[in-house]
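Notes for the one structure printed next.
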Protein chains: 2
Amino acid sequence: MEACRPNPLRLALAQLEIKPGRPAENTARILATLGEARTAGARLVLFPEMAIPGYLLGDEWERSAFLRECEACGDAVVAASAGLTVVFGNVALDWARKNEDGRVRKYNALFVAEEGRLLVPGNGLGYPFVMKSLMPNYREFDDSRHFYDLRKVALERGRSPADLVVSVATRAGRLGCTLCEDAWDDDYGFSPIRIMAARGEADLFVNISCSPYTFNKNHKRNRLFSSRAAEVGRPIAYVNNVGIQNNGKTVFTFDGASAVYGPGGSISECLPAFEEGLLTVDLPADPAAPLARPIELKEDSISDLLTAVSTGTRRFMKQLGVTRVVVGVSGGIDSAVVAALYRHLLPARDVILVNMPGPFTSTLTRGLAAGLAGELGCPYGEIPIQPSVEAARRQMDGFRLVSADGSLAETLVLTPFVMENVQARDRSARILAAVAASCGGVFTCNANKSEMTVGYSTLYGDLGGYLANIADLWKGEVYALGRHLNDAVYGRPVIPEGIFTVTPSAELSPDQNVDEGKGDPIQYPYHDCLYRSWVEAWNRATPEDILDWYGAGELEARLGYSGRVASRFPDARSFIADLERWWNLYQGMGVAKRIQAPPVLGVKRRAFGFDHRESQLGARYTARYQELKTRLLKETPG
Amino acid sequence: MEACRPNPLRLALAQLEIKPGRPAENTARILATLGEARTAGARLVLFPEMAIPGYLLGDEWERSAFLRECEACGDAVVAASAGLTVVFGNVALDWARKNEDGRVRKYNALFVAEEGRLLVPGNGLGYPFVMKSLMPNYREFDDSRHFYDLRKVALERGRSPADLVVSVATRAGRLGCTLCEDAWDDDYGFSPIRIMAARGEADLFVNISCSPYTFNKNHKRNRLFSSRAAEVGRPIAYVNNVGIQNNGKTVFTFDGASAVYGPGGSISECLPAFEEGLLTVDLPADPAAPLARPIELKEDSISDLLTAVSTGTRRFMKQLGVTRVVVGVSGGIDSAVVAALYRHLLPARDVILVNMPGPFTSTLTRGLAAGLAGELGCPYGEIPIQPSVEAARRQMDGFRLVSADGSLAETLVLTPFVMENVQARDRSARILAAVAASCGGVFTCNANKSEMTVGYSTLYGDLGGYLANIADLWKGEVYALGRHLNDAVYGRPVIPEGIFTVTPSAELSPDQNVDEGKGDPIQYPYHDCLYRSWVEAWNRATPEDILDWYGAGELEARLGYSGRVASRFPDARSFIADLERWWNLYQGMGVAKRIQAPPVLGVKRRAFGFDHRESQLGARYTARYQELKTRLLKETPG
């Protein structure tokens, strides 16, 4: 095999919106894009991984009719490849073999088509595609559940896996083809790119991806791909799709951000995040030559987070056919941010704001909710829940359970705590659901990640809704998003200042009286930092780790908490009581509530749902935790 | 290596209840059982796979403190092995290496301990354990998400995987050790048992499992293990745990049913399903000799299903600390079966039955509900929802949405359909939740699998509850379970006959008037069979397959439907309209509702939740479906 690249090479990165489970629609977009690429003078055009079927499809992969349709769509793309080298991702079937689950053999595959036919890599397998080698099975990924991989094929055929990794000789040069994870090879002990580079058999590396947006992941990718391109001395062309895909409990956004990494470690112009686009890049004759327009690495900001949340919400509404939303606005920050987000995406008349004052609602928050509605220009109304809550109390007070012999078995007592939940459920399951149904819309879930972590919400109450679009943001991030909406999006305080300064409170009891500065038991920002260590750290912390760090005086640094723990908790006893309170909730009722929670829009590392899989196990503490605790309590006076 | 078996060998199968995520408790049980095994004169004792940590733990595997505790517990078992050969499952750590997700290297491992030390298999890896070779990644299993396997190790070390599969020489003979899936090797192209058998290096094969109960799975296992034992001419000792484990959305039961399969293909006495037990089996001197007490293969019956549902429900209550339940009883079969099930598990006073008649409730069903309560001897009460539903209507009618300028923006109209859902939510989220909270209990979800499939239920209404314990049973199976409860469990009609004969109906509108024989649009048993083909078939059917079968006149046979489709649908038009109606719901609102549904108790192949992973994709039809449809409609007159 030798280099046969035309000189120079114009390649096109097709950053398309891929609709999951919609092969025909995706194929129509691909076919149209082939025309655009030809017009732009491209010789090589790259489409994302799984560009035909989509990727996060749950167990849709088990349906043969769907798979056959994906195959037929792939054939249509191949047939339209005249004059171009077309690289695209699709599911590849081997109907004669089985996956390890006994179903038909499926590969996550990269196809290369030229002049109406598929190129067959020269690895002796005879398959007209490159299959993925490295299977992500973490976070939201389930690759090994559905796809057979190159390493398994090597074992099956008695071959060395490295021998199966070969570049594909095309009119556009020798392409070192990889699929997504194949390039994220640090922890695999197997690197397709390095294998091909060591043999000097690729002029250009290609990575087709279907890679969800995660806060700051692009930064990591830019560093990784850029250093790998420098290492192998060849460009790496990276193409990723845009759109949303979901795994039921979690909705993921895809930001594209396709780019070419030059052999000098530089990066070409990127395609804008979250938008469709076709980027042409002219690669110089010398495959080792640097690219023309290097750009700078940068970390994500609150603005990127806003774009992810907005785009994800907008596309999810579109997918479901949602055109109107009802937001229960309490006068607090969460519902205010949700309302302002939707107002940014929908006409004012289609964002309906409802305030539902209860027995413990202050005039302060009621006024803030009305003020928010005025600023946003949305339809607004108040439905007091006092009458219906009182009706519920009367109904329960009057309820008599009788035994089989007709005698009185039991009467019911509505405790104040029970009444708190009655209020919350009355608001959501009764009022918001009915209002939404009446006006042809849905109602939103305004829960943030801090509340979701410890289940500080009422099932069928404020935990209801069609989508929890800020549930991957800690309370502190919700405040920051609110500021950003005011400052950068609206350019005026659509969220009244009082909403930022009022004590966060559910206002469900006299103990949550904001006029007296009383409110939620969750204390920001300390608990945000604590919960983050439990949920988002790659090696997730447990109470044992927390006590270790506390004992060593390292807790603030480990948690990234800028305050002082000692000023919040005077002694180990109060510190531990707080720790256990929240851990018990996170691992106890929190799990039970998340099982029945709405889909979460995931934008960061470890969103609740399919990204953070959890069983109902109940809270537990290790023997070593108990030892640490005993020691710390002994050291605590009194 | 040569045979060194004492003659004869008494082995003990320790079928323990394993509590997920409770290594210390499990280890205490294991240590106690070691004493019992000694007393029983056993030389070899086998504990299940993952006997220390449990198995279905979600991402609990990512927590190092938990892993360290599991390691320490394993050490305690090893230390207690004097005088015995002890085989047990645990997670094995290699802290110096990484999994492919960058976290610490974990193996699903089998340990063999003798006289306080671990035996090291002679495969050159140096690990003191046997690691699992075959990783299930289907249904509820996520093995490759958490565990590194033998085949990956072979690639990493440049070894042949078969060379790494070796038996372990113990005082009890040479053990061919396998973990669960290792023996279910049909679709893997790699068979640890056959590899060891071919070398003649095992006197006894061992399979330690953590294998959830699935209707008729034991029958399949008995056939598989028994034929494999016959093939290799050696006994296979199989040990499985009991208890429940869950993956959040789905709760699985474990039935144990541990046994020894003799080389003649016979089966030893089994341990009773779902119960803890220690079974000793004396293996003859000649490893190829048949076993003494062969038993017969049998398929599961409704009685096994009842045992699975009852045991699962009982253990789930125990795990959560639930001691009282509130069941909303409508007079229909689902709630009646749920009530009778709970009454079988709890004292009468702790099964509280509430009937909530609404505007469209018949005196017939009201009477049936009261009759059920009388038969079961449970506390019973009625809470009419008419007043609160009327209050909701008045509240909505009186609600005014105002624009920012103070003008009237919109009034709300509660349509009859909206009012149906208002009734359902009023019953569950308002009344049942409050009643349950007031009396210190939880309320149940009475949905069956047919309703769950097509989302024929109201979110925050009848789809609420702490557990959906009959949601893996088709409507026909619910009826059968009801009959079985009357006939075999209670020995009298605790579920009144009228509940079996009344038209199934939600009674939420005049169109669902049971007195006129009107009710649910789901038609049993046809729709049960149709939905089953979509959900439970290993290669799941889609509308394209259904039309193929319909066109070929094979539909009844394919669906296992004993009626005639033509007598239900006079022509293709009506057949297709029905098909699309339900497919649209199954793939549309059905998915959205299941995302927020309670945990499902899974007892069959493909329970909703973590066993049947699904994305919100919306309903779709392939191009070939559209062609088939067009052709069939052309053939339909008129």
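These figures come from a predicted structure and were not determined experimentally. In what follows, chains carry the letters A, B, and so on, assigned in the order in which the sequence lines appear, proteins first and then strands, with residues in each chain numbered from 1.
- Contact count versus chain B (heavy atoms, under 4.5 Å) is highest, among A/Met135, A/Glu382, A/Glu181, A/Arg349, for A/Glu382.
- Interface check for chain B: of the options A/Gly398, A/Gly374, A/Ala541, A/Gly102, the most heavy-atom pairs under 4.5 Å are formed by A/Gly102.
- In this structure, the portions of B/Asp101 lying under 4.5 Å from any heavy atom of chain A include both its backbone and its side chain.
- The pair A/Arg97-A/Glu156 meets the salt-bridge criterion, with a side-chain N (NZ, NE, NH1 or NH2) lying under 4.0 Å from an Asp/Glu carboxylate O.
- Contact annotation for B/Ala597: only backbone heavy atoms (N, CA, C, O) come within less than 4.5 Å of a heavy atom of chain A.
- The closest side-chain donor-acceptor pair between B/Ser144 and A/Asn137, if any, does not fall under 3.5 angstrom.
- Using a 4.5 Å cut-off between heavy atoms, B/Pro20 contacts chain A through both its backbone and its side chain.
- At a 4.5 Å heavy-atom cutoff, the contact between B/Asp545 and chain A is made by side-chain atoms alone.
- Using the six-membered ring where Trp is involved, A/Trp61 and A/Phe66 have ring planes that are perpendicular, over 60° apart on the 30 and 60° scheme.
- Chain A forms more heavy-atom pairs under 4.5 Å with one residue of B/Pro23, B/Cys378, B/Gly461, B/Ser64 than with any other, namely B/Pro23.
- Contact annotation for B/Leu320: only side-chain heavy atoms (C-beta onward) come within less than 4.5 Å of a heavy atom of chain A.
- Of the residues considered (B/Lys152, B/Glu614, B/Gln245), B/Glu614 shows the highest number of contacts with chain A, using heavy-atom pairs under 4.5 Å.
- Using a 4.5 Å cut-off between heavy atoms, B/Arg22 touches chain A through backbone and side chain atoms alike.
- Between the A/Arg425 side chain and the B/Ala429 main chain, a donor and an acceptor come within less than 3.5 Å of each other.
- Salt bridge status for A/Arg151 with B/Glu100: present, with a side-chain N to carboxylate O gap under 4.0 Å.
- A salt bridge does not link A/Arg624 to B/Glu69: none of the charged side-chain nitrogens sits closer than 4.0 Å to a carboxylate oxygen.
- Ranked by heavy-atom pairs shorter than 4.5 Å toward chain A, the options B/Val402, B/Val418, B/Asp142 are led by B/Val402.
- A/Tyr138 and A/Asp143 share no donor-acceptor pair across their side chains, judged by distance under 3.5 Å alone.
- Interface remark: A/Phe399 contributes side-chain atoms only to the contact with chain B (heavy atom separation under 4.5 Å).
- Of the residues considered (B/Arg594, B/Arg68, B/His146, B/Met419), B/Arg68 shows the highest number of contacts with chain A, using heavy-atom pairs under 4.5 Å.
- Taking a cutoff of 4.0 Å between a charged side-chain nitrogen and a carboxylate oxygen, A/Lys249 and A/Asp611 do not qualify as a salt bridge.
- With chain A as partner, the option from B/Leu401, B/Val104, B/Leu376 having the largest number of non-hydrogen pairs under 4.5 angstrom is B/Leu401.
- Only the side chain of A/Ala409 comes within less than 4.5 Å of a heavy atom in chain B; its backbone stays farther off.
- Here the side chain of B/Ser403 pairs no donor or acceptor atom with the backbone of A/Pro379 at under 3.5 angstrom.
- Side chains of B/Leu617 and B/Gln587 form no contact here, defined as non-hydrogen atoms less than 4.5 Å apart.
- Ranking A/Ala434, A/Gly189, A/Pro543 against chain B, the residue ahead of the rest is A/Ala434, based on heavy-atom pairs under 4.5 Å.
- The contact between A/Glu62 and chain B is made by backbone and side chain atoms together, counting heavy-atom distances below 4.5 Å.
- Note on A/Lys98, A/Arg400, A/Glu410, A/His612: by heavy-atom pairs under 4.5 Å with chain B, the leading option is A/Glu410.
- A/Leu155 touches chain B through its side chain: at least one heavy atom from C-beta onward sits under 4.5 Å away, while N, CA, C and O do not.
- Side chain of B/Gln596 to backbone of A/Pro599: no donor-acceptor contact under 3.5 angstrom is found.
- Using a 4.0 Å cut-off between charged side-chain N and carboxylate O, B/Glu25 and A/Arg620 make no salt bridge.
- Heavy atoms of B/Ala619 lying under 4.5 Å from chain A belong exclusively to its backbone.
- A/Phe190 does not touch chain B: none of its heavy atoms, backbone or side chain, sits under 4.5 Å away.
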Assess whether side-chain contact (heavy atoms from CB on, under 4.5 Å) is satisfied between B/Trp184 and B/Leu134, documenting all intermediate values.
CA-CA 8 Å; B/Trp184 300 76; B/Leu134 307 183; over 6 Å; no
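- A salt bridge is defined here as a Lys NZ or Arg NE, NH1 or NH2 lying under 4.0 Å from an Asp or Glu carboxylate O, and A/Arg63 with B/Glu544 fails to meet this definition.
- A salt bridge links A/Arg145 and A/Asp59; the closest N-O separation between the charged side-chain nitrogens and carboxylate oxygens is under 4.0 Å.
- Residue with the most contacts toward chain B among A/Phe610, A/Phe316, A/Tyr466, A/Phe141: A/Phe610 (heavy-atom pairs, distance under 4.5 Å).
- If you measure heavy-atom distances from B/Arg394 to chain A, you find no contacts under 4.5 Å at all.
- Of the listed residues (B/Thr458, B/Asp187, B/Leu353), the one with the most heavy-atom contacts under 4.5 Å to chain A is B/Asp187.
- Side-chain atoms of A/Asp548 and A/Tyr625 form no donor-acceptor pair, as typed in the model, at a separation below 3.5 Å.
- A/Thr622 places no side-chain N or O within donor-acceptor distance of the main-chain N or O of B/Ala65, the cut-off being under 3.5 Å.
- Using a 4.5 Å cut-off between heavy atoms, A/Arg393 makes no contact with chain B at all.
- If you measure heavy-atom distances from B/Arg540 to chain A, the contacts under 4.5 Å come from both the backbone and the side chain.
- Heavy atoms of A/Pro384 lying under 4.5 Å from chain B belong exclusively to its backbone.
- Heavy-atom distances place no part of B/Thr415 under 4.5 Å from chain A, backbone and side chain included.
- For chain B, the option among A/Val422, A/Leu414, A/Leu459 with the highest count of heavy-atom pairs below 4.5 Å is A/Leu414.
- For B/Val251, no part sits under 4.5 Å from any heavy atom of chain A, backbone or side chain.
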